[in-house]
*Asks:* 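One structure, pasted below without further comment.
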Amino acid sequence: MTLIQKIRDRMALAADQLGFPVAEVAASVRPCGDPAHGHYQANAAMALGKKLGKPPRDVATQLAASVPQDGFLQAPEVAGPGFLNLRLTDDAIAFHLEKMAKSPDLALEQPEKKRRLVIDFSSPNVAKPMHVGHLRSTILGDALARLFRTLGHEVVTLNHLGDWGAQFGILLYGYKNLLDQAAFKTDPVKELARLYVEVRKHFAVDEEEEGEAGDPVRDACRQETAKLHQGDVENLRLWREFMPFCLEDINRAYRRLGVTFDHIRGESFYQPFLAEVAAELEQAKIAEPSQGALVVLFGENEAPALIRKRDGAFTYATTDLAAVRHRTDNFQPTDIVYVVDSRQAQHFKQVFEIARRWGIQGPRLHHVAFGSVLGSDGKPIKTRDGKASTTLEGLLDEAVRLAGTMHAPPEGGEGEKPITPEEAAQVAEAVGIGAVKYADLSQNRTTDYKFNWDKMLAMDGNTATYMQYAYARCRSILRKAGHPDGVPEAKIILGAPEEKFLGVVLLRYAEALESAAEDFRPNVLTAYLWDLAKAYSVFFQNCPVLRAPDEVTQHSRLAMCALTARVLKSVLEILGIRVLERM
Ligand code: ARG
């Protein structure tokens with residue numbers, strides 16, 4: 001059980017005894033950012049006082065007197081207009097820290113109900129340069145997959161590649177008309193990328209599918225796509241030839257980001273099922289013919305969903321419906337999670353609704369939506385121009401380069417081996433990539449955010465770099481003390497309030513994970529890291545470790561440092577960010 005749950009249970013008992021609404025009182029418990037006001041706080045008395053027609057302070061005093069004194073919580077303190085300041089007893093903090101220190105998984109408990117989540121993320125459209133926009137889905141989805149796995153759930157990760165779309169018509173046209181044979185021989189990936197950009201220069205309007213008919217190059221590209229979808233032998237052969245090159249391109253990015261998938265199943269995978277999906281929907285009267293097309297209607301004010309176009313082509317929605325069905329049958333998941341940008345909200349709303357009408361009831365379907373990445377001008381970053389600075393790789397290169405110049409490691413700590421150039425390069429890679437990921441994950445996912453190098457690589461503040469330094473500092477103290485792995489069996493002795501507060505923040509680990517999982521929000525984890533790093537730094541300033549007054553105190557404090565390092569590392573790893581032993 002998480003810390004907050006234990007406290008809520010006790011508050012619920014108190015409320016029950018007094019005949020107060022139990023759920024309301026329990027839900028009002030929150031972790032407290034300022035140790036001066038307790039470890040946790042409950043503010044139910046304010047609303048309750050109004051409801052019961054009693055002064056809130058009296059309600060709070062009654063609650064305080066009824067909280068079970070079973071050695072877990074100290075007697076609560078009534079503050080201000082009726083806040084309850086809650087503090088754990090020293091014994092409870094020490095007991096649970098010792099348990100955590102001895103446990104290989106930081107005393108995380110197995111979930112009561114084990115879920116199986118299919119997480120669909122990244123899912124770029126291949127055959128065009130992958131860009132910053134894909135970054136968010138990739139980083140977010142990967143962090144969510146790691147989070148749920150750490151919590152003991154089963155996770156299936158799936159990359160729903162756009163590998164069957166109009167971009168292949170562009171490549172096919174380019175290949176047939178503008179190919180540089182020699183270039184294709186030496187570097188096919190690069191030549192295909194060039195063709196993609198080159199062909200589009202011949203479009204009258206720079207949009208993939210839209211644009212008026214009568215734009216000759218675009219029309220020719222459309223025809224190539226249509227031929228591919230109809231099974232044209234030559235186009236299919238070329239598609240098969242292109243695919244490994246396209247995959248090589250995106251796999252390079254995944255390797256660098258440390259992201260893997262259980263299954264790569266692009267849109268092409270579902271092609272064989274589409275006709276059947278459409279037929280079933282029509283038969284069940286979920287879809288109906290309309291001007292030669294097949295559509296699903298929703299209400300007067302909502303655009304219909306297109307299942308089959310007039311020319312017989314199936315759509316993005318049809319593919320997603322086939323995919324829901326296939327994933328449900330294949331994995332029997334409790335949840336299917338789509339990590340896709342908010343602009344596709346309507347699409348998913350409709351797909352989920354059609355799936356429901358179609359009788360798919362097993363899994364809960366979630367659209368984990370996110371906002372755009374904006375450039376310094378406040379506009380969404382675009383990659384139409386194919387400029388290096390806006391491709392994913394160009395961006396990661398730049399992050400690593402900047403990390404190398406901003407965080408050049410010192411000669412090596414006192415008494416330690418100097419840092420080698422290879423080590424320095426590893427530091428730059430981990431710091432650069434970590435900074436990009438953290439900047440993304442620390443945002444509320446539904447808002448847009450501005451890309452800002454200085455902020456994301458800053459050494460202080462809520463950044464990956466700061467957390468990586470905090471980790472390395474912990475590790476360095478442990479090495480200097482001659483206990484590189486801490487003192488896991490040490491008795492925890494809590495003297496200073498800073499020590500107790502760090503203890504409580506460490507114990508909030510499980511609760512932070514649960515709370516981030518609740519609504520698919522990794523920024524809850526970065527907020528937790530920030531609390532932890534601050535608590536550690538205050539502890540470190542006030543509680544000497546290497547110069548502790550005696551050995552018992554020192555061992556206790558070393559155990560706290562080791563636990564801080566382990567929690568930092570675990571949470572950073574959930575976020576897909578590497579830690580370094582020294583930097
Ligand atoms: N390829 C799509 C795009 O980049 C995203 C796919 C998301 N997943 C899905 N099942 N529709 O816009």
Side-chain angles (χ1 to χ4, degrees), residues 111 113-123 137 140-141 144-145 148 153-162 164 262-263 265-291 293-309 313-370 445-446 517-521:
K113 272 199 213 106
K114 201 168 168 146
R115 290 156 74 179
R116 183 183 293 144
L117 301 104
V118 169
I119 306 185
D120 171 329
F121 72 99
S122 193
S123 311
S137 174
L140 207 50
L144 291 174
F148 280 98
H153 298 289
E154 240 178 274
V155 173
V156 179
T157 54
L158 232 147
N159 194 346
H160 188 83
L161 290 180
W164 198 241
D262 296 319
H263 302 278
R265 265 181 205 156
E267 293 175 356
S268 64
F269 176 87
Y270 302 99
Q271 292 314 299
F273 312 117
L274 299 186
E276 202 184 306
V277 169
E280 268 188 46
L281 291 176
E282 188 169 8
Q283 229 164 32
K285 303 245 179 317
I286 297 166
E288 56 196 76
S290 164
Q291 302 170 11
L294 187 67
V295 300
V296 177
L297 301 176
F298 297 94
E300 262 175 44
N301 302 319
E302 196 171 329
L306 202 51
I307 300 296
R308 195 179 51 226
K309 295 189 201 165
F314 297 109
T315 65
Y316 185 50
T318 327
T319 310
D320 259 324
L321 286 163
V324 176
R325 164 58 79 71
H326 189 271
R327 292 165 188 185
T328 304
D329 293 350
N330 224 247
F331 303 114
Q332 277 107 31
T334 53
D335 303 80
I336 306 180
V337 180
Y338 298 83
V339 188
V340 187
D341 91 61
S342 348
R343 284 170 299 186
Q344 296 194 25
Q346 156 121 334
H347 164 76
F348 284 107
K349 189 170 150 257
Q350 295 193 334
V351 167
F352 294 177
E353 172 59 19
I354 300 171
R356 193 191 61 77
R357 292 184 196 171
W358 199 16
I360 295 180
Q361 285 159 341
R364 271 192 295 160
L365 308 176
H366 316 260
H367 176 205
V368 172
F370 55 83
R445 62 174 162 77
T446 44
E518 211 163 278
D519 194 25
F520 307 100
R521 291 194 183 275

*Asks:* Taking only residues two or more places apart in sequence or in another chain, which ones pass salt bridge (Lys or Arg N to Asp or Glu O under 4.0 Å) with Arg265?
*Replies:* none
*Asks:* Side chains of Arg364 and Arg115, heavy atoms from C-beta outward: is any pair under 4.5 Å?
*Replies:* yes
*Asks:* Tell me the closest heavy-atom pair linking Ala317 and Leu306, and the distance in Å.
*Replies:* CB-O, 4.0 Å
*Asks:* Could you work out, with side-chain hydrogen bond (donor to acceptor under 3.5 Å, both in side chains) as the rule, every residue matching Thr315, not counting sequence neighbours?
*Replies:* Thr318
*Asks:* Are side-chain heavy atoms of Asp262 and Leu158 found at a separation under 4.5 Å?
*Replies:* no
*Asks:* Among residues at least two apart in sequence or on other chains, which ones pass side-chain contact (heavy atoms from CB on, under 4.5 Å) with Ala278?
*Replies:* Leu294, Ile307, Arg308, Phe314
*Asks:* With sequence neighbours left out, write down each residue that passes side-chain hydrogen bond (donor to acceptor under 3.5 Å, both in side chains) with Asn301, or none if nothing qualifies.
*Replies:* none
*Asks:* By side-chain contact (heavy atoms from CB on, under 4.5 Å), which residues pair with Glu280, not counting sequence neighbours?
*Replies:* Glu276, Arg325, Trp358
*Asks:* Salt bridge (Lys or Arg N to Asp or Glu O under 4.0 Å) with Glu302: which residues, sequence neighbours excluded?
*Replies:* Lys349
*Asks:* List the atom of Pro333, the atom of Val118, and the distance in Å for their closest heavy-atom pair.
*Replies:* CB-CG2, 3.8 Å
*Asks:* Which distance, rounded to the nearest 0.5 Å, do you find between the OH of Tyr270 and the CG of Leu321?
*Replies:* 12.0 Å
*Asks:* Under the side chain to side chain contact (heavy atoms under 4.5 Å, CB included) rule, what do Lys285 and Arg357 come out as? Steps first, then yes or no, please.
*Replies:* CA-CA 10 Å; Lys285 303 245 179 317; Arg357 292 184 196 171; over 6 Å; no
*Asks:* State, yes or no, whether a side-chain contact exists between Val337 and Phe148 at a heavy-atom distance under 4.5 Å.
*Replies:* no
*Asks:* If the condition is side-chain hydrogen bond (donor to acceptor under 3.5 Å, both in side chains), which residues does His153 pass it with, not counting sequence neighbours?
*Replies:* none
*Asks:* Out of curiosity, Glu154 CD to Phe331 CZ, how far, rounded to the nearest 0.5 Å?
*Replies:* 11.0 Å
*Asks:* For a side chain to side chain contact (heavy atoms under 4.5 Å, CB included) with Phe348, tell me which candidate from Asp320, Leu365, Val368 qualifies.
*Replies:* Asp320
*Asks:* Could I get the full list of side-chain contact (heavy atoms from CB on, under 4.5 Å) partners for Ser123, not counting sequence neighbours?
*Replies:* Asp120, Asn159, His160
*Asks:* List the residues meeting salt bridge (Lys or Arg N to Asp or Glu O under 4.0 Å) with Asp341, not counting sequence neighbours, and say none if there are none.
*Replies:* Arg343
*Asks:* Please list, chain by chain and in numerical order, all residues satisfying side-chain hydrogen bond (donor to acceptor under 3.5 Å, both in side chains) with His367, sequence neighbours excluded.
*Replies:* none
*Asks:* Roughly how far, to the nearest 0.5 Å, is the CZ atom of Phe273 from the OG1 atom of Thr319?
*Replies:* 11.5 Å
*Asks:* Enter the distance from Thr328:OG1 to Ile360:CD1 here, rounded to the nearest 0.5 Å.
*Replies:* 5.0 Å
*Asks:* Test side chain to side chain contact (heavy atoms under 4.5 Å, CB included) on Val324 and Val351 and set out the steps.
*Replies:* CA-CA 9 Å; Val324 176; Val351 167; 4.2 Å; yes
*Asks:* Decide side chain to side chain contact (heavy atoms under 4.5 Å, CB included) for Ile336 and His366; before the verdict, give the C-alpha distance in whole Å, the side-chain angles of both, and the deciding distance to 0.1 Å.
*Replies:* CA-CA 6 Å; Ile336 306 180; His366 316 260; over 6 Å; no
*Asks:* Trp164: which residues meet the ring pair (Phe, Tyr, Trp, His ring centres under 6.0 Å) condition with it, sequence neighbours left out?
*Replies:* His229, Trp239
*Asks:* Could you label the plane-to-plane angle of the His326 and Phe269 rings as parallel, tilted or perpendicular, counting under 30° as parallel and over 60° as perpendicular?
*Replies:* perpendicular
*Asks:* Is the backbone of Asp329 close enough, under 3.5 Å, to the side chain of Gln332 for a donor and an acceptor to pair up by distance?
*Replies:* yes
*Asks:* What distance separates Leu161 CG from Glu267 CD, expressed to the nearest 0.5 Å?
*Replies:* 8.5 Å
*Asks:* Just how far is it from atom CZ of Phe352 to atom OH of Tyr338, taken to the nearest 0.5 Å?
*Replies:* 5.5 Å
*Asks:* Would Glu288 and Glu282 count as a side chain to side chain contact (heavy atoms under 4.5 Å, CB included) if you check the C-alpha gap in whole Å, the side-chain angles of each, and the deciding distance to 0.1 Å?
*Replies:* CA-CA 6 Å; Glu288 56 196 76; Glu282 188 169 8; over 6 Å; no
*Asks:* Answer yes or no: is there a donor N or O on one side and an acceptor on the other, between the side chain of Thr334 and the main chain of Pro363, under 3.5 Å?
*Replies:* no
*Asks:* Do you know which two heavy atoms are closest between Ile354 and Ala305, and how far apart they sit?
*Replies:* CD1-CB, 4.0 Å
*Asks:* Can you name the residues that form a side-chain contact (heavy atoms from CB on, under 4.5 Å) with Ser137, not counting sequence neighbours?
*Replies:* Phe121, Val339, Phe370
